[in-house]
Amino acid sequence: TMIKMACMSLTMYHFLHKTIHADYIWEFCFSVCYGLCGFAMMYYITNQWLDVAVIFPLLICSLVRLCREGRMTSYVVYLTICLAGSYYQSFMILILIVLSVGIYYFTIAKENQEERKAAVLRLAIGTLLAFGISAFILVPQLIQTFGSTRFENNNKEGNFYLGILKQVKGAYTTRWWSLLGLSLPFAVIFRGIVVGIRSSKTWKEYRSGEYFQKDLFFICIIAMMCLELLFESVNLMWHFGSYVGYPIRNGFILSLVVLTAACYYSKRQKTDDSTEEEKRLLYKLLLGSVSTAIIAGLVIYAYQSRTDWVLRSVFHLTALICGSSFLLYSGLLWSYHAAVRAGADRMRMFQHTAIVSLLLAELLIFAYMMLGKPAYTTGYSEQAEQSGSYIAESIELRNELGIQESTVARIKNPDTELNANYPFVMQHASLSNWTHMIEPSFQRGAVEWGYSIQYMRVLDAGGTAFSDALIGRGNVS
């Protein structure tokens, strides 16, 4: 998992360096932010989802080349890899590509109609080629999905997909973790837009200038991605109608969009071109390290020692940290550029160090909070089924009961104490598990035999001695 996070940072740096051409410090910071983004922190336990997040920056880099230079080969290669890795996440990426390309050619490049038509044609051909190449993996997966209980449950009612438009409130407060690590990028974006507006004497001059079209493009893309945090209906549409337990599964897309915009707006920030002596660099490094350790240590200590805090709820905690750090970053950025104009070397060095120290401390705090079983309040992880103790209990039961390995025998549990995934921990066959792709006929047959079902699952509870004997269920725990 750590290697994949490092690769996410590496591919993000390649993308930013090849397309944005900002200062190294910004490219480096925003690349690290992508590797340690909220999506990676939330879903490191399902690390197969990180595979597409690693390739995604390379895919977007190839998309830029396709639009600017007409080169299609790399786009086809990277999209094929993504489709083979996860068609679910890849379809979300394709939605972003279609919408972002459309917005780009109606804002920044709206006057060049011939270029627009050629780019759209190349994009369509490249996408179809990627689908064709990955068809040997993609088609069987789609057939299995469409024939599964997951797809059938989403289509029990004819108005299901229209019904999602009525849903507003988000189902899981953990969706707000998608914003982790994005306070500095949002502060840079905010200041960059303000600088662009203030560079013009009048609103009319700004509207006709070079900044307006790019500002409009990035605002539209960011708003498009952030709406799913506010409106559950938008989130459900991104997730093709439903999801359970893991919100904002396209969080890596949100992070890349915001970080790319921030890297672009960093070029509107005033920079210090003066060289520093070795002593000052060492002093800066020492000051930054000490500041990072103090900030991170104090926050982690307060968080760990005060388990009764109301703000330990996911939403409150995220809002507090992101809001506070956004204000701090904004203040430091404005004062830093004021110091640059005034030529205040000492103040400039302190502010630059403070920005980097705060960023590192923020990432350390988030990494600590997200490591292991959640210690914050989510609203669903506190449920009995989400208790991590079932792992130790399953291992203890396997050892104490002396259950022998078998290729045909199944064990049975009444589904009152253990998580439905207990058979995977005990390394023994059973009916109960999170098998998302079982056929509807199998689930209906289990019900007819007297067994329990829940959403996409078939559970141990129920059945008769005769039915248990028929399917080899000899051990009852």
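Along the sequence shown, the residues carry numbers beginning at 1. Not measured: the values here are computed from a predicted model.
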Notebook entry, point to check: Are the side chain of Ser266 and the backbone N or O of Cys263 linked by a donor-acceptor pair below 3.5 Å?
Noted result: yes
Note to self: Given Trp49, which partner from the list Tyr43, Tyr88, Phe56 fulfils the ring-ring contact (aromatic ring centres under 6.0 Å, His included) test?
What the structure shows: Tyr43
Note to self: Ignoring hydrogens, what is the shortest heavy-atom contact between Ile253 and Met225? Give both atom names and the distance.
What the structure shows: CG2-CE, 3.6 Å
Checklist line | Asn250 vs Glu228 side-chain heavy atoms within contact, under 4.5 Å | finding: yes
Margin query: Between Arg175 and Pro247 (side chain of the first, backbone of the second, donor and acceptor by atom type, cut-off under 3.5 Å), is there such a pair?
Written below: no
Margin query: Side chains of Phe190 and Val194, heavy atoms from C-beta outward: is any pair under 4.5 Å?
Written below: yes
Check: Roughly how far apart are Leu229 CG and Ile248 CD1, rounded to 0.5 Å?
Finding: 5.0 Å
Check: Less than 4.5 Å apart, any side-chain heavy atom of Tyr329 and any of Leu359?
Finding: yes
Margin query: Quick one about Tyr75 and Thr127 (side-chain donor to acceptor, distance below 3.5 Å, no hydrogens or angles considered), yes or no?
Written below: yes
Item checked: For Ser86, side chain to side chain donor-acceptor pair (under 3.5 Å) partners two or more places apart -> Gln89
Next item on the list: State which residues pass side-chain contact (heavy atoms from CB on, under 4.5 Å) with Leu99; sequence neighbours excluded, sorted by chain then number.
Entry: Ile95, Met224
Notebook entry, point to check: Do Leu63 and Leu123 have side-chain heavy atoms sitting under 4.5 Å apart?
Noted result: yes
Check: Can you find a heavy atom in the side chain of Thr260 that is under 4.5 Å from one in the side chain of Tyr264?
Finding: no
Notebook entry, point to check: Counting distance only, does the side-chain N/O of Ser90 pair as donor-acceptor with the main-chain N or O of Cys82 below 3.5 Å?
Noted result: yes
Next item on the list: Look up atom NZ in Lys4 and atom OG in Ser9, then write down how far apart they are to the nearest 0.5 Å.
Entry: 14.5 Å
Item checked: Over all atoms of both residues, closest heavy-atom pair of Met8 and Leu50 -> SD-CD2, 4.2 Å
Note to self: If you count every heavy atom of other residues, nucleotides or ligands that lies below 6.0 Å from Leu121 atom CG, does the total exceed 12?
What the structure shows: yes
Next item on the list: Starting at OG of Ser100, measure out to CZ of Phe218 and round the result to the nearest 0.5 Å.
Entry: 10.5 Å
Note to self: For the backbone of Arg249 and the side chain of His239, can you confirm whether one donor and one acceptor N or O come within less than 3.5 Å of each other?
What the structure shows: yes
Check: Side chains of Arg71 and Leu66: does their closest heavy-atom pair fall under 4.5 Å?
Finding: no
Note to self: Between Cys226 and Phe231, is there a side-chain heavy-atom distance shorter than 4.5 Å?
What the structure shows: no
Note to self: Checking Phe15 against Leu58 for the side chain to side chain contact (heavy atoms under 4.5 Å, CB included) test, could you report, in this order, the C-alpha distance in whole Å, the side-chain angles of both residues, the deciding distance, and whether it holds?
What the structure shows: CA-CA 6 Å; Phe15 163 62; Leu58 300 178; over 6 Å; no
Check: His21 side chain to His17 main-chain N or O, any donor-acceptor pair under 3.5 Å?
Finding: yes
Item checked: Atom of Ser183, atom of Cys322 and distance for their closest heavy-atom approach -> OG-O, 3.1 Å
Checklist line | Electrostatic pair Asp215:Arg268 at N-O distance under 4.0 angstrom | finding: yes
Next item on the list: State the OG1-CD1 distance between Thr11 and Ile60, to the nearest 0.5 angstrom.
Entry: 11.5 Å
Note to self: Please give me the minimum heavy-atom distance between Lys18 and Cys61, naming the atom from each residue.
What the structure shows: CB-SG, 4.1 Å
Item checked: Phe30/Tyr13 under ring-ring contact (aromatic ring centres under 6.0 Å, His included): CA gap, chis, key distance, verdict -> CA-CA 8 Å; Phe30 295 146; Tyr13 177 80; over 10 Å; no
Next item on the list: Is it possible for you to check whether Arg116 lies under 6.0 Å from the centre of the six-membered ring of Tyr105, through NZ or CZ, and within 45° of that ring's axis?
Entry: no
Next item on the list: Search all heavy atoms of Val258 against all heavy atoms of Ile189 and return the closest pair with its distance.
Entry: O-CD1, 3.6 Å
Note to self: Determine whether a donor-acceptor pair (N or O, by modelled atom type, separation under 3.5 Å) exists between the side chain of Tyr34 and the backbone of Ala53.
What the structure shows: yes
Notebook entry, point to check: Between Phe91 and Phe131, what is the ring plane arrangement, given parallel below 30°, perpendicular above 60°, and tilted in between?
Noted result: parallel
Margin query: Could you check whether any side-chain heavy atom of Ile97 comes within less than 4.5 Å of a side-chain heavy atom of Leu59, counting everything from C-beta outward?
Written below: yes
Margin query: Quick check: closest heavy atoms across Leu36 and Met5, and the distance to 0.1 Å?
Written below: CD2-SD, 4.2 Å
Next item on the list: Decide side chain to side chain contact (heavy atoms under 4.5 Å, CB included) for Tyr211 and Val195; before the verdict, give the C-alpha distance in whole Å, the side-chain angles of both, and the deciding distance to 0.1 Å.
Entry: CA-CA 10 Å; Tyr211 287 151; Val195 168; 5.6 Å; no
Check: Does Ser134 reach the main-chain N or O of Thr80 with its side chain, forming a donor-acceptor pair under 3.5 Å?
Finding: no
Check: Does Ser178 reach the main-chain N or O of Gly251 with its side chain, forming a donor-acceptor pair under 3.5 Å?
Finding: no
Notebook entry, point to check: About how many Å separate OG of Ser74 and CG of Leu79, when rounded to the nearest 0.5 Å?
Noted result: 11.0 Å
Check: About how many Å separate NE2 of His14 and OG1 of Thr19, when rounded to the nearest 0.5 Å?
Finding: 9.0 Å
Check: Judged by atom type as modelled, is there a donor-acceptor pair below 3.5 Å linking the side chain of Glu27 to the main-chain atoms of Ala22?
Finding: yes
Next item on the list: Verify whether one side chain among Glu362 and Ser325 offers a donor that lies under 3.5 Å from an acceptor in the other.
Entry: yes
Next item on the list: List the steps, then state whether side chain to side chain contact (heavy atoms under 4.5 Å, CB included) holds for Ile193 with Ile219.
Entry: CA-CA 10 Å; Ile193 293 175; Ile219 289 173; 4.1 Å; yes
Next item on the list: For side chain to side chain donor-acceptor pair (under 3.5 Å), just list the numbers for Ser199 and Tyr206, CA-CA rounded to whole Å, side-chain angles, deciding distance to a tenth of an Å, and then say yes or no.
Entry: CA-CA 8 Å; Ser199 65; Tyr206 169 68; over 6 Å; no
